[in-house]
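Just follow the structure's listing: the first ligand is 1, and inside any ligand the first atom is 1. Everything quoted here is computed from the prediction, not taken from an experiment. FYI, the numbering just counts along the sequence from 1.
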Amino acid sequence: MGAIRFDNVGRIYGNKQDGFEALKGVELEIADKEFMAVVGPSGCGKTTCLRFVAGFDRPTSGMVSVDGVKVTKPGPDRAVVFQQFALMPWKTVRENIELGLRNKGVPRAERRERIDRILALMNLTGYADAFPHQLSGGMQQRVSIARAYVLDPEVLLMDEPFGALDAQTRVVMQEELVRLARRNPRTVMFITHAVEEAVYLADRVAIMARQPGRVKEIIDIRSIREAE
Ligand code: ADP
Ligand code: ADP
C-alpha cells in the first residue's frame, strides 16, 4: 500500500494558452515502501510535484495516483513534513503531535501510548510538555517528523525537511530518519537540493530538470550500495 505514480503529468500556472508551463510530461513511479529522493535546481517543480501527491494541488494534464487511485484531495493515508516546522507555538510537543491522532478518532489511551513511542524513537523523551520555542531547531524538526509518523500514514511527503537546519544538526537528523525509516518503512517522497543527502537517505534518486520541469533521470542507489 502506498505506491505513487505520475502519468504524463503537466502543470501550467495561469491560463492554458499563454500561462507558465511549470511541468511537462512528468513520469515517476515510487514503489510501496520505497524511499525516493527528488533533486533538481530551484524552480524545476519539486514542490509542485509533492503538492500533487499531498492533494494540495492538481495537475493541468496527466494524472497522479496512489495505489491506482487518482489523487484529488488530502487524506489520512498521506502526511506532509515541511521545511518550516509549522508547529503550533501555544501548544506543547505532546499536544502538537496529538492533534492528528484526535482528528483520526484514536482513543485517549492509545494516543498516549503512540506518542510516547514516537517520542522515544525520535530522542524526544522528556520533552512532551515543552513548548516549541523551548526547543532547538533540530528538536522542533524532530517533533514535526514525529507528528507525521505517529499517524502511521502509507505515504510520507517531505519537502526540504532539514533545509533550515545547520550542517551538524542536519547530519544528526539524517541519521535519525534512516533509523526511523528502517524500523518503520513507509513510502517516502523526499525533496532536497542537497545531492549527498539524497544519496545517503534514498533507495532511488529522481533528478529533475527545468523549463519545463520534468524527471530527467532516475538513479538506483541500492545497486551502488550493493556494489560497494
Ligand atoms: P521547486 O520546488 O523545484 O523549487 P516549485 O514547484 O516551487 O519548484 O516551482 C516550479 C515553478 O513553478 C517555478 O518556476 C515557480 O516559480 C512556479 N510556481 C510555483 N507555484 C506557482 C504558483 N502558485 N503560481 C505561479 N507560478 C508558480
Ligand atoms: P522551494 O524552491 O523551496 O520549493 P519556492 O520558494 O520556490 O519554494 O516556493 C514556495 C511556495 O511558493 C511554493 O509552494 C510555490 O507554490 C509558491 N510559489 C513559487 N513561485 C511562485 C510564483 N511565481 N507565484 C506564486 N506562488 C509561487
Side-chain angles (χ1 to χ4, degrees), residues 2 4-30 34-66 70-75 78-87 137 140-141 144-145 147-148 153 155-167 169-170 173-174 177 181 186-221:
I4 300 167
R5 191 181 160 122
F6 285 69
D7 268 316
N8 198 18
V9 166
R11 177 70 164 96
I12 296 172
Y13 285 111
N15 67 57
K16 279 205 175 188
Q17 284 70 44
D18 56 4
F20 171 69
E21 192 166 42
L23 295 169
K24 186 181 184 181
V26 174
E27 298 282 345
L28 183 65
E29 280 187 60
I30 309 178
E34 180 178 27
F35 198 125
M36 177 74 82
V38 180
V39 302
S42 181
C44 68
K46 302 181 293 296
T47 297
T48 303
C49 284
L50 181 133
R51 288 167 55 83
F52 293 153
V53 185
F56 298 158
D57 188 16
R58 289 193 209 179
T60 36
S61 58
M63 182 169 91
V64 174
S65 58
V66 174
K70 181 176 180 171
V71 176
T72 58
K73 57 181 193 297
R78 286 154 284 140
V80 188
V81 178
F82 300 99
Q83 171 170 356
Q84 293 309 326
F85 327 116
L87 300 174
Q140 289 186 41
Q141 193 54 295
S144 181
I145 292 171
R147 185 177 54 178
V155 174
L156 211 53
L157 303 167
M158 302 203 227
D159 192 350
E160 291 275 3
F162 308 148
L165 305 176
D166 63 81
T169 310
R170 198 173 174 128
M173 292 297 305
Q174 289 165 358
L177 184 59
R186 294 290 136 197
T187 306
V188 179
M189 183 173 174
F190 185 102
I191 294 178
T192 179
H193 62 258
V195 173
E196 66 284 4
E197 177 167 272
V199 169
Y200 178 68
L201 293 172
D203 296 318
R204 289 193 298 158
V205 179
I207 301 166
M208 292 184 68
R210 228 174 359 197
Q211 278 165 350
R214 62 204 183 275
V215 175
K216 199 173 67 172
E217 201 176 343
I218 297 177
I219 297 175
D220 196 328
I221 304 295

Distance from L201 atom CG to M36 atom CE, nearest 0.5 Å? 13.5 Å
G45 heavy atom under 4.0 Å from ligand 1: yes
Enumerated ligand 1 atoms positioned under 4.0 Å from heavy atoms of K46: 1 (P), 2 (O), 3 (O), 4 (O), 6 (O), 8 (O)
Has R170 got a side-chain atom pairing as donor or acceptor with F162's backbone, closer than 3.5 angstrom? yes
Kindly say whether F35 contributes a backbone atom to a donor-acceptor pair with the side chain of D203 at under 3.5 angstrom? yes
Taking T60 for the side chain and I12 for the main chain, is one N or O donor matched with an acceptor at less than 3.5 Å? yes
What do you reckon, does S42 put a non-hydrogen atom under 4.0 Å from ligand 1? yes
Does M63 offer a backbone N or O that forms a donor-acceptor pair with the side chain of K70 under 3.5 Å? no
Which atoms from ligand 1 have a heavy atom of F20 less than 4.0 Å away? 11 (C), 12 (O), 14 (O), 17 (C)
Using distance alone, decide if ligand 1 has a nitrogen or oxygen within less than 3.5 Å of any nitrogen or oxygen in C44. yes
